[in-house]
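Below is one structure, written out as C-alpha cells; the observations come after it.
For clarity, every value in this text was computed on a predicted model and none was experimentally measured. What you see below is based on every heavy atom in this structure, not just the backbone, and it leaves out hydrogens, waters and symmetry mates. Lettering of chains follows the sequences in order, A, B, ..., and the numbering in each one begins at 1.
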Amino acid sequence: MRLAILSGKGGTGKTTVAVNLAVAFASARATVYADYDVEEPNGFIFLQPQIVSTRVVTSTYPVIGEECEPCGVCSAACTSHALAEVGGRVLVFPEICHGCGTCTLACPRGAIREKARPIGELRSGTARDGLACSEGILREGETLATTVIQRLREFAERDAGRGAQGSIVIADCPPGSSCEVMHAAEGSDLALLVAEPTAFGLHDLGLAVRLARHLELPAAIFVNKDDGSGFIDRYATQAGLPIVGRLPFDLEIARVTARGALLMDDRRYADTFIELAAAVSGLAGRSRTA
Amino acid sequence: MPRPTKCRWVGWDTDVTYFKPRGVPLRSLEEVGLTIEELEAIRLKDLEGLDQQSCADRMRISRPTFHRVLRAAHAKIADALTTGKAIRIGGGHHVHYGGESEGAGRAGTGEPSVGMREKAGEAGAVRIAVSAMGPGLDSQVDERFGWCTHFVICDADDPEASVESHENPALAGASGAGIAAAQFVGGLGVKVVLTGSLGPNAARVTNAAGIQGYALHAGMTVGEAIASWKAGDLPKM
Amino acid sequence: MNYQLAVVSGKGGTGKTTVAAAFADLAGAVVMADCDVEAPNLHLVLPHETLQARDFSGNHVATIERDACIDCGACESVCRFGAVHSQDGEYGIDSATCEGCGACTYVCPQDAVTLEPLRTGTLMLSQAAGGVFAHAELALAADGSGKLVTQVRQLASGEARASGRNVIIDGAPGMGCVVISTITGCQAVLAVTEPTQSGWHDLERVLNVTEHFRIASFVAVNKWDISPEMTEEIERRCAERGVRVVGRIPWDPAVAEAMARQLPVTRVGGPAADAIRAIWADISAQRPRQLPLKEV
C-alpha cells in the first residue's frame with residue numbers, strides 16, 4: 001500500500017504528518033518512509049535513522065572527442081543550449097545539460113562521449129521499530145530534481161515493494177503542483193492532503209485536490225493548525241472529501257516540532273496519528289479493492 | 001540503429017546572397033536566414049525535380065533529415081514572401097563537393113568550400129551586434145543579452161547602409177539563452193557586442209568566438225549606442 | 001539598472017508571501033512579481049485587476065504521427081526519460097514525462113516524430129495599488145516551471161524598465177530550478193526562515209545557492225518567539241558565514257487576520273508589521289550591489 005502525502009502550499013505540516021504517521025505504522029507492520037522533497041528534505045531531522053547506504057545520483061554530459069570537426073550539428077540539436085559551436089570548437093556547459101543524449105545521436109562523426117556528473121545523493125537507513133527510511137538530496141546549484149526523484153523511487157521502493165504482504169510506503173512529496181510532485185505521487189493508493197485553515201492554505205489545497213484528481217488518486221484531508229474556524233471543513237464537504245484527522249492550532253506543537261522532536265513521543269498527540277493510521281489504511285484498502 | 005549523417009554536401013555555389021522586397025529600406029526590414037544546404041535542398045527537389053531519396057543521397061543525409069531541411073527552407077521562404085521579409089543566404093553546416101557528380105567520394109574528395117558567413121566576415125569591416133527591444137537603429141537598446149527580443153547588427157564604418165535586424169532565436173530554447181544568443185551573433189561574424197551585461201556562460205562563448213563586449217546603458221537607441229561606442233564612451237566588459 | 005529584490009525561504013510556509021506583500025505596500029511605486037508559479041499566493045493579498053493573461057508554451061513535447069509510424073521502437077530505445085511507451089505494439093509518447101529533447105526525432109526512420117509546443121502555464125499582468133504585478137500559474141503537473149518563472153521575471157523587468165521602478169519578487173520554496181530562475185540577476189535576496197531545525201536546514205541550502213550565484217543575501221527570522229534559542233542559534237550560524245540577520249518577526253495573529261481580509265499585514269498593523277517595516281527600512285537603505293562574478 002502506498003500513501004502520498006501532498007500539500008500544494010509549503011510549510012503546512014506535510015513532513016510532520018508523514019514522519020509521525022510512518023512511526024505510527026512502523027510498530028505494527030513493515031513501513032517505508034521516503035522523502036521526495038529532494039530540494040529541502042526534512043524527514044530525517046525527525047526520524048534520525050541510522051544511515052546504512054548512500055548512493056550518488058548522476059546525470060550525463062557530453063565530452064567532445066578529438067574526432068570533432070566543429071560542424072555545429074550538436075549545438076543545433078541541443079534544446080537546452082548546453083553546447084555552443086563557436087570559434088572553431090565546441091563548448092560544453094555541463095550544469096545546464098539534461099543528459100538526454102541527443103547530441104551523441106546527432107554527431108555525424110561519432111565524436112561525442114558522455115561522462116557522469118553527480119547531481120544529488122540518495123540515503124537510506126533504519127529508524128525505530130525497523131522503519132525503513134530513504135531520502136533524496138539535490139545538490140545546490142543543480143536543477144534536475146525530477147531525476148533524483150525518479151532514482152529515489154527505484155532505490156527506496158524496489159525492495160520495500162508494495163508487493164510485500166501488508167507493507168506500507170509513506171511518500172513525503174514536494175510542495176507545489178509541478179511534474180516533480182506528479183513523479184513522486186503517481187501510482188499511490190491514497191493522497192493524504194495536509195492543509196491549514198488560512199486563505200493561502202485553502203487556495204493551495206485546491207491545487208492539491210486538482211493534482212490528486214489529475215492522477216486519479218482517491219484523496220483525504222488532514223487539517224493542521226486547526227483553529228476551529230471550520231474553514232477547511234466547509235471546503236471538504238463541498239468537494240466531497242473526507243477529513244481523516246486534525247491537529248489543533250497550538251504553539252506547543254510548533255515548539256515540539258521546532259526542536260526536531262516527534263509528536264508520537266508526546267502522549268498528548270500520539271493518538272492523533274494512531275487513529276490517522278487506522279483511517280488511511282481503511283480508505284486506501286478500500287480504494288485498492290474497488 | 002541507423003544514425004543519420006548530419007553534414008550536408010552541397011554541389012554548387014552562388015554569388016547571390018540577399019533578396020529584399022522592393023521599395024522597403026533595408027534598415028526597417030526584418031530578414032530570414034536561408035542556409036546554403038536549405039537552398040540546395042530546394043534546388044534539388046523543386047528545380048531538378050529529384051525524388052526525396054535521391055536528394056538525400058546527393059546531400060549525403062538521411063531522407064528524414066532531408067525532409068526536415070526542405071521543410072525548414074519552404075517555411076522560411078513562405079514567411080519572407082508573405083510577411084515581406086528579406087532573405088539572407090549563407091551559413092549552415094555544409095561541405096562543398098565541387099560538381100554535380102553523384103559519385104564524389106564520401107570523404108576526402110572535393111575541396112570543402114568556405115561558407116558564406118566566413119566570406120561576409122572577411123569583408124573587412126567590424127561587425128557589431130546590439131541587444132535591442134525591436135528592429136532597426138531607432139529601437140531602444142535592451143540591457144539583457146540572452147533575453148532581448150532583437151539583435152541589430154551592422155558594420156562599424158557604415159551602420160546606416162549595413163544594418164540588419166534579427167529576432168533573437170535564443171528565446172525559443174528551454175535554457176541557456178545567453179549561450180545560444182552568443183553563438184548566434186558569433187555565427188553572423190560579429191566581433192563586437194554592445195549590451196547591458198554578459199552572464200558567465202555567455203561570456204565563455206563570446207571569449208571563444210573572439211567577440212569583445214561593451215556595456216551600454218538603458219534608455220539609448222541602438223544608433224546612439226553605436227555612436228557612443230565609436231566615440232570610445234562605452235566601457236569594455 | 002533597476003534594483004531587484006527576491007524574497008525566498010528554502011522551507012515553505014515560513015511567511016515569504018506575507019513579507020513580500022508587506023514590502024510591496026511599504027515600497028509604494030514598485031513592480032511586483034510572484035515567482036511561486038506552482039502555488040501562487042501573492043494575488044490573494046494584493047488587491048488587483050488582471051490587465052492581460054496569455055498562455056505560455058514553455059516546453060516542447062514529442063508527438064508521433066500514427067499514419068507514418070511503423071512501430072519500429074527506435075524512439076523508445078533512445079529516450080532516457082521513459083517517455084515512450086508501447087501498447088499492443090503501437091508506440092506513443094507520455095507528454096507529462098517527455099522532456100522535449102528531440103532525441104527521438106533524430107532516430108525515427110519515418111520522420112514520424114515531431115516536437116510540438118506544449119502549454120505549460122498562464123502568464124498574467126495585473127494592476128495593483130502600488131503598481132503592476134506580474135504573476136503566473138503553472139499548468140497542472142507541467143514541467144518547465146523554471147522557464148515560466150523566467151517569463152514572470154521578464155514581464156516584471158520590462159515593466160520596471162519602462163517605468164523606472166524597482167522589482168520585488170515573491171519567490172518559491174526550495175532551492176532548485178525555480179529558485180535559481182527567481183534569483184538570477186537579482187541584486188539582493190532576503191531569505192525568510194523560521195526558528196526550527198527544518199527551517200535552518202533549508203535556509204542553509206538556499207544560502208549555498210545564493211552564494212553559488214554570488215548574490216547578496218540577508219536573513220529574517222519569522223515567528224522567532226516560537227524558539228528564542230533556535231533564533232539565536234540561526235543568528236550565530238549566519239554570522240559565522242557572514243550573512244546578516246536583518247530582523248526578527250514575532251508570531252502575531254494579525255498576520256492570519258490580514259490574510260483573511262486579503263490585505264498586506266502592514267495595513268492591519270501589529271508587532272509583526274512593525275518588525276517588517278524596520279526590516280524594509282534597513283534593506284531599502286542598503287541597495288547592495290551584486291557581488292562581482294567569479295572568473296569562469
Say whether Glu99(C) and His98(A), considering side chains only, have a donor N or O and an acceptor N or O under 3.5 Å apart.
yes
Does Arg117(A) CZ have over 12 foreign heavy atoms under 6.0 Å away?
yes
Do Glu39(A) and Val178(C) have side chains that get closer than 4.5 Å, going by heavy atoms?
no
Closest non-hydrogen atoms of Thr97(C) and Gln150(A), given as atom of the first, atom of the second and distance, are CG2-NE2, 4.5 Å
So, the part of Ala142(C) with a heavy atom under 4.5 Å from chain A: the answer is backbone
Segment of Leu140(C) engaging chain A (4.5 angstrom heavy-atom cut-off)
both
The interface call for Glu137(C) against chain A, heavy-atom contacts under 4.5 Å, is side chain
For Ile45(A), is it the side chain, the backbone, both, or neither that has a heavy atom closer than 4.5 Å to a heavy atom of chain C?
side chain
Heavy-atom distance under 4.5 Å to chain C: side chain of Ser7(A), backbone, both or neither?
neither
Could you tell me which portion of Phe249(A) (side chain, backbone, both or neither) has an atom closer than 4.5 angstrom to a non-hydrogen atom of chain C?
side chain
Which answer fits Thr14(C), side chain, backbone, both or neither, if we ask what part of it has an atom under 4.5 Å from a heavy atom of chain A?
neither
Most chain A-contacting option - heavy-atom pairs closer than 4.5 Å, from Gly102(C), Gly199(C), Ala256(C), Cys177(C):
Cys177(C)
By a 4.5 Å heavy-atom criterion (distance strictly below it), what part of Ala77(A) contacts chain C: side chain, backbone, both, or neither?
both
Taking the side chain as C-beta and beyond, is there a heavy-atom pair between Ser177(A) and Glu38(C) under 4.5 Å?
yes
Measuring heavy-atom distances to chain C, does Leu251(A) have an atom under 4.5 Å in its side chain, in its backbone, in both, or in neither?
side chain
Check whether any side-chain heavy atom of Thr196(C) lies under 4.5 Å from a side-chain heavy atom of Thr257(A), and answer yes or no.
no
Quick one: pull up CE in Met175(C) and CG in Leu138(A) and give me the separation to the nearest 0.5 Å.
5.0 Å
Please state whether the side chain, the backbone, both or neither of Asp36(C) comes within less than 4.5 Å of a heavy atom of chain A.
neither
Relative to chain A, which of Ser181(C), Ala141(C), Ala39(C) shows the most heavy atom pairs under 4.5 Å?
Ala141(C)
What option among Ala96(C), Gly146(C), Ala260(C) has the most heavy-atom pairs under 4.5 Å with chain A?
Ala96(C)
Region of Ala254(A) that comes under 4.5 Å of a non-hydrogen atom in chain C:
both
Residue part contacting chain C, namely of Phe231(A), when any heavy atom lies under 4.5 Å:
neither
Engaged part of Trp200(C) at the chain A interface, taking heavy atoms whose separation is under 4.5 Å
neither
Which atoms of Pro195(C) are under 4.5 Å from chain A, going by heavy atoms: the side chain, the backbone, both sets, or neither?
backbone
Taking side chain as everything from C-beta outward and backbone as N, CA, C, O, which of these in Pro41(A) sits under 4.5 Å from a heavy atom of chain C? Side chain, backbone, both or neither.
both
Option that, when pairs with chain A are counted at under 4.5 Å, heavy atom only, ranks first among Pro40(C), Cys104(C), Ser9(C), Ser227(C)
Pro40(C)
Tell me if a side-chain donor or acceptor on Arg205(C) pairs with a main-chain N or O of Glu40(A) at a distance below 3.5 Å.
no
Please rank Asp143(C), Asp225(C), Val37(C) by heavy-atom pairs under 4.5 Å with chain A and give me the top one.
Asp143(C)
